[in-house]
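Each remark here refers to the structure printed beneath this line.
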Amino acid sequence: MTDPAGPAETDWAAAVAAVRGVPGDGRVLLICHVNPDGDALGSMLGFGLGLRRIGVGRVQATFPGPPEVPETLRGLPGEELLVPATDADPRPDLVVCFDAASESRLGELVDRLGTAATSVVLDHHASNTRFGAVNLVDPRAAATSVLVDGLLTRLGVPLDAAIAECLYVALSTDTGSFRFEATTPEVHRFAARLLATGIRPGDISRRIFDTRPFGAVRLFGEVAGRARLEPDAAGGRGLVWTWATLDDLARYGQRPYVLEALIDSVRCTAEADVSCVVKQTGAGEWAVSLRSKGAVDVSRVAVALGGGGHRFAAGFTGRGSADQVVDAIRRELDGALLDVTGG
Ligand code: AMP
Ligand code: MN
Ligand code: MN
C-alpha cells in the first residue's frame, strides 16, 4: 500500500533519473486515466510542456478509449501533444502515468507499462497500487498536479503561464474550485504561484465549471427532476440518486462527457450525505459517480463494487439495470459509515 507520507526523496530522485535517462532523440509517452477529467488532462499536458521546455525527447500524450476531449477542457496549452491511443508509441523509452490509481484505468494502453524501458506513476489516490517502476504517490495531495509540480521543480523546469494554466485547471478541478476539505494552506500557496504567472482564473473557471450547451442545461433539468431521495439509506445519513440513459443524451443531442458535471447538481441535496449518478455507457453498463459529505467513505463502496476513488468522491462501472446498480450501492453503504464521533 501507499506510504501515507507520500514520496521519499529517493523516489523523487529515481523519477528525475528516469526522465534524465531518456536519450536525446528518445520517446516519452504520457498516459492519463480513461475519461480524463481536469486533473488527469491538466497534469499530463502541464508535465508534457515541462518536458518540452527542457528538450526531453519526443513527447506524446494520450488516454485510452475514443480520443475525445470534453468541450470544457479543450484549448488547454499543450493540447498539440495529444495523439489518439491508436497512434501512441508502442515501445517508448519512458512512460509516465497521471491520476490513475490502478492499471485498469489505462485501458488498452496498459501494455506500455511492459513495453516501455521504464515507467513513472504520478497519483494521489490512497488506493494506488504502485504499478510503475517509480511511484510518486501522495494521498494527501489535493490533485495529481501537486506531484507534477514537485517533479518539474526537481527537474529545474521554470513555471510559465502555459504550464501554470494546465496545473491550475487540474488543481481547481480536484478541489472543486478550492471548496473541498483537501484545500489546505499548501493548496492556496501552490495556486498563488500558478496565478503569479499571469493566468486568468475568471476565464479558466468559467470555461471549466460554468459553461455547458443549452441542450445540456435542459437535460440536467430533466435528469435532476427525477432524482430520488432515500432518507433511511446509509444508516439514516440519506442517499439521493438519479440516472441518465444514452437515450436521454440522444434526445438532447449531447455527448456522454457533459454528464460528468451532473453529480454537482445532485450532491447539494441537504437531506442526504451520499449522492449518486448512474450514467449509461452501453447496453447494461453504467458509469457510476458517488459523493459523500463526510459521514460515509464512498471509496469503500466503489472498491467493493470493482471501482475506486477517494473517501468523498469515488466511482465504478455498474452492470445490469440502473435499479440493480443502485440496489448494490444500498447494500454496501451501511458498511461504509465513518466513525464521525472519532473526528
Ligand atoms: P467521477 O465520479 O467520475 O468524477 O469519479 C470520482 C473519482 O472516482 C475519481 O477520482 C476516480 O478516481 C474514481 N473513479 C471513478 N470511476 C472509477 C472506476 N470505474 N474505477 C476506479 N475509479 C474510479
Ligand atoms: Mn481524475
Ligand atoms: Mn485527481
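Ligands are counted one by one from 1 in listed order, and the atoms in each one are counted from 1 as well. Index from 1, following the sequence. The shown structure was predicted, so the numbers you read here are calculated from the model rather than taken from an experiment.
Residue His125 holds the heavy atom nearest to atom 10 (O) of ligand 1 of all those in His125, Arg105, His124, Arg291.
Close approach of ligand 1 to Ser289 is summarised as follows: ligand atoms under 4.0 Å from at least one heavy atom of the residue are 1 (P), 2 (O), 3 (O). Residue Thr317 has at least one heavy-atom neighbour below 4.0 Å for each of these atoms of ligand 1: 19 (N). Within ligand 1, the atoms closer than 4.0 Å to a non-hydrogen atom of His310 are 10 (O), numbered from 1 in the order shown. The atoms of ligand 1 that sit less than 4.0 Å from any heavy atom of Gly307 are 20 (N), 21 (C).
Between Pro23 and Asp93 there is a side-chain heavy-atom pair separated by less than 4.5 Å.
Using a 4.0 angstrom heavy-atom cutoff, His33 does not count as in contact with ligand 1. Look at Ala313 and you'll find a heavy atom under 4.0 Å from some atom of ligand 1. For Ile263, the heavy-atom gap to ligand 1 stays at 4.0 angstrom or more.
Counting just the N/O/S atoms of His33, the one with the shortest distance to the Mn ion (ligand 2) is named NE2.
Within the protein, the number of N, O or S atoms lying under 2.8 Å from the Mn ion (ligand 3) is 4.
For ligand 1, the polar-atom distance check against Gly306 finds no nitrogen or oxygen pair separated by under 3.5 Å. Polar contact check, Gly308 against ligand 1: a nitrogen or oxygen pair lies under 3.5 Å apart.
At the shortest separation from atom 15 (C) of ligand 1 among protein heavy atoms lies Gly315 CA, 3.4 Å.
Between the side chains of Thr173 and Asp39, not a single donor N or O lies within less than 3.5 Å of an accepting N or O. For the 3.5 Å distance criterion, the side chains of Trp241 and Glu230 qualify, holding a donor opposite an acceptor. For the 3.5 Å distance criterion, the side chains of Asp99 and His33 qualify, holding a donor opposite an acceptor. Side-chain contact check for Glu271 and Thr269: no donor-acceptor pair (N or O, by modelled atom type) lies under 3.5 Å.
For the pair Ser275 (side chain) and Val240 (backbone), a donor-acceptor distance under 3.5 Å is absent. Between the side chain of Asn128 and the main chain of Ala100, a donor-acceptor pair closer than 3.5 Å is present.
Residue Leu147 forms a side chain to side chain contact (heavy atoms under 4.5 Å, CB included) with just one option from Leu136, Val121, Leu152, Asp123, and that option is Leu136.
Counting heavy atoms closer than 4.0 Å to ligand 1, residue Glu260 contributes nothing at all.
Taking 2.8 Å as the criterion, Cys32 does not count as a coordinating residue of the Mn ion (ligand 2), since none of its N, O or S atoms falls below it.
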Practice prompt. Before giving the answer on salt bridge (Lys or Arg N to Asp or Glu O under 4.0 Å), spell out for Asp89 and Arg58 the whole-Å C-alpha distance, their side-chain angles and the decisive distance to 0.1 Å.
Written response: CA-CA 10 Å; Asp89 200 316; Arg58 191 193 69 175; 3.1 Å; yes
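Pairs engaging residues 217-228 under the salt bridge (Lys or Arg N to Asp or Glu O under 4.0 Å) rule: Glu222-Arg226, Glu222-Arg251, Arg226-Asp248 [sequence neighbours left out].
Taking CD1 from Ile204 and CG from Asp210, the interatomic distance works out to 13.0 Å, rounded to the nearest 0.5 Å.
A parallel orientation is assigned to the rings of His310 and His125, their planes being inclined by less than 30° (bins at 30° and 60°).
A salt bridge does not link Arg300 with Asp297: none of the charged nitrogens is closer than 4.0 Å to a carboxylate oxygen.
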